[in-house]
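None of these values were measured; they are calculated from a predicted model. Worth knowing before you read on, the calculation uses all heavy atoms, side chains too, and leaves out hydrogens, waters and symmetry mates. We count residues from 1, following the sequence as given.
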Amino acid sequence: MSDNSDTPLGRAHIVLAQAAASYSHEAIHREYSELFIGVGRGELLPYASYYLTGFLNERPLARLRADMARFGIERAEGHPEPEDHLASVCEMMSGFACNHFAVSHDEEQDFFKRHVEPWAGRFFSDLEHAKGAKFYRSVGTVGRLFIEIESEAFAMEARQNA
């Protein structure tokens, strides 16, 4: 196993691990509630529709639902959040990467380009700079760097295949 602590993502993981060790479960839960739920509304709304249109439950959600249906992905029972919540979209990408869903590499790349790349990096950057973020600031850094790496990897593949 190689030491990746000299890379931006490696350093970000170290900071995230340190943050996880220094905050209690209760403090992290409270911060989550303040950032994403709040009284009436949290500081950040982690939905593609909001980031791409300024409103919830808009066209980006409809497009995501159409792609989910095409791939045979169903909304998990008991989850009230709209499917364009960043956690759900990342879970779908994870399902592609782990071959839990039968999609081609091109379909996976298209899904990323349509449903992740246009907004997720901006959300993670906003999370890094959110006033209420302490623990989640480091989550934002890891997420932003990961999206940058994935975007570049898919772009490199596209250039090689062109």
Side-chain angles (χ1 to χ4, degrees), residues 8-9 11-98 100-101 103 107-152 154:
L9 186 59
R11 288 188 296 274
H13 274 113
I14 290 168
V15 171
L16 176 58
Q18 291 168 341
S22 64
Y23 288 98
S24 69
H25 178 285
E26 293 79 20
I28 293 171
H29 181 71
R30 190 170 39 255
E31 184 179 331
Y32 179 90
S33 292
E34 291 169 6
L35 281 170
F36 306 117
I37 300 169
V39 177
R41 182 182 146 188
E43 186 176 345
L44 297 173
L45 296 174
Y47 303 96
S49 289
Y50 181 78
Y51 265 79
L52 297 173
T53 70
F55 300 97
L56 296 173
N57 300 315
E58 290 292 327
R59 189 173 303 265
L61 177 58
R63 283 194 297 260
L64 175 63
R65 286 177 174 164
D67 281 348
M68 288 172 63
R70 186 166 52 98
F71 298 138
I73 301 170
E74 295 179 2
R75 180 182 183 148
E77 238 181 87
H79 290 272
E81 298 289 339
E83 297 89 328
D84 65 340
H85 188 286
L86 183 56
S88 296
V89 177
C90 287
E91 191 172 353
M92 289 177 227
M93 288 298 301
S94 174
F96 297 152
C98 295
H100 295 302
F101 306 121
V103 300
E107 289 170 321
E108 178 183 353
Q109 183 174 1
D110 181 62
F111 186 94
F112 180 82
K113 291 254 182 230
R114 288 170 47 94
H115 303 295
V116 181
E117 191 174 47
W119 72 281
R122 192 164 32 123
F123 168 80
F124 282 125
S125 179
D126 289 349
L127 182 56
E128 283 181 284
H129 299 97
K131 292 177 189 170
K134 296 172 188 67
F135 167 77
Y136 280 94
R137 180 167 285 125
S138 55
V139 173
T141 302
V142 169
R144 178 184 52 78
L145 291 168
F146 182 77
I147 297 300
E148 288 172 4
I149 290 166
E150 287 296 295
S151 294
E152 182 57 30
F154 280 131

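Judged as a side chain to side chain donor-acceptor pair (under 3.5 Å), not a single pair has a partner in residues 19-29 (not counting sequence neighbours). Screening residues 135-149 for salt bridge (Lys or Arg N to Asp or Glu O under 4.0 Å), with sequence neighbours left out, gives E128-R144, R144-E148. Counting only residues at least two apart or on different chains, the side chain to side chain donor-acceptor pair (under 3.5 Å) pairs with a member in residues 50-68 are R41-Y50, Y51-D126, R65-E83, D67-R70, D67-R114, D67-H115.
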Steps toward side chain to side chain contact (heavy atoms under 4.5 Å, CB included) verdict (I147, F124): CA-CA 9 Å; I147 297 300; F124 282 125; 3.9 Å; yes
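Under the rule for a ring pair (Phe, Tyr, Trp, His ring centres under 6.0 Å), the partners of F71 that lie at least two apart in sequence or sit in another chain are F96. In this view, Y47 and E81 satisfy the side chain to side chain donor-acceptor pair (under 3.5 Å) rule, not counting sequence neighbours. Listed by chain and number, the residues in a salt bridge (Lys or Arg N to Asp or Glu O under 4.0 Å) with E31 amount to none (sequence neighbours excluded).
Of the inter-residue distances, the one linking L52 atom CG with L61 atom CG reads 11.5 Å to the nearest 0.5 angstrom. Atom CG in L64 sits 13.0 Å away from atom NE2 in H85 (nearest 0.5 Å). Note: L44 CG to H129 NE2 = 12.0 Å, rounded to the nearest 0.5 Å. To the nearest 0.5 Å, the span separating OG1 on T141 from CG on L9 amounts to 10.5 Å. The structure places NE2 of H100 at 14.0 Å from CE of M92, a figure rounded to the nearest 0.5 Å. Interatomic distance, OG of S138 versus CG of L127, reported as 8.5 Å (0.5 Å rounding).
Using the six-membered ring where Trp is involved, F36 and Y136 have ring planes that are perpendicular, over 60° apart on the 30 and 60° scheme.
Taking both residues in full, the closest heavy atoms of G132 and L35 are given as C-CD2, 3.9 Å, listed atom of the first, atom of the second, then distance. Of all the heavy atoms in A19 and F135, the pair that sits closest is CB-CD1, 3.7 Å.
Within 6.0 Å of the CD atom in E152, the count of heavy atoms belonging to other residues, nucleotides or ligands exceeds 12. Heavy atoms of other residues, nucleotides or ligands lying less than 6.0 angstrom from CZ of F154 number more than 12.
Using modelled atom types, no side-chain atom of S94 and backbone atom of C90 make a donor-acceptor pair closer than 3.5 Å.
For the pair F123/L86, a side-chain contact is recorded, criterion being any heavy-atom separation below 4.5 Å from C-beta on.
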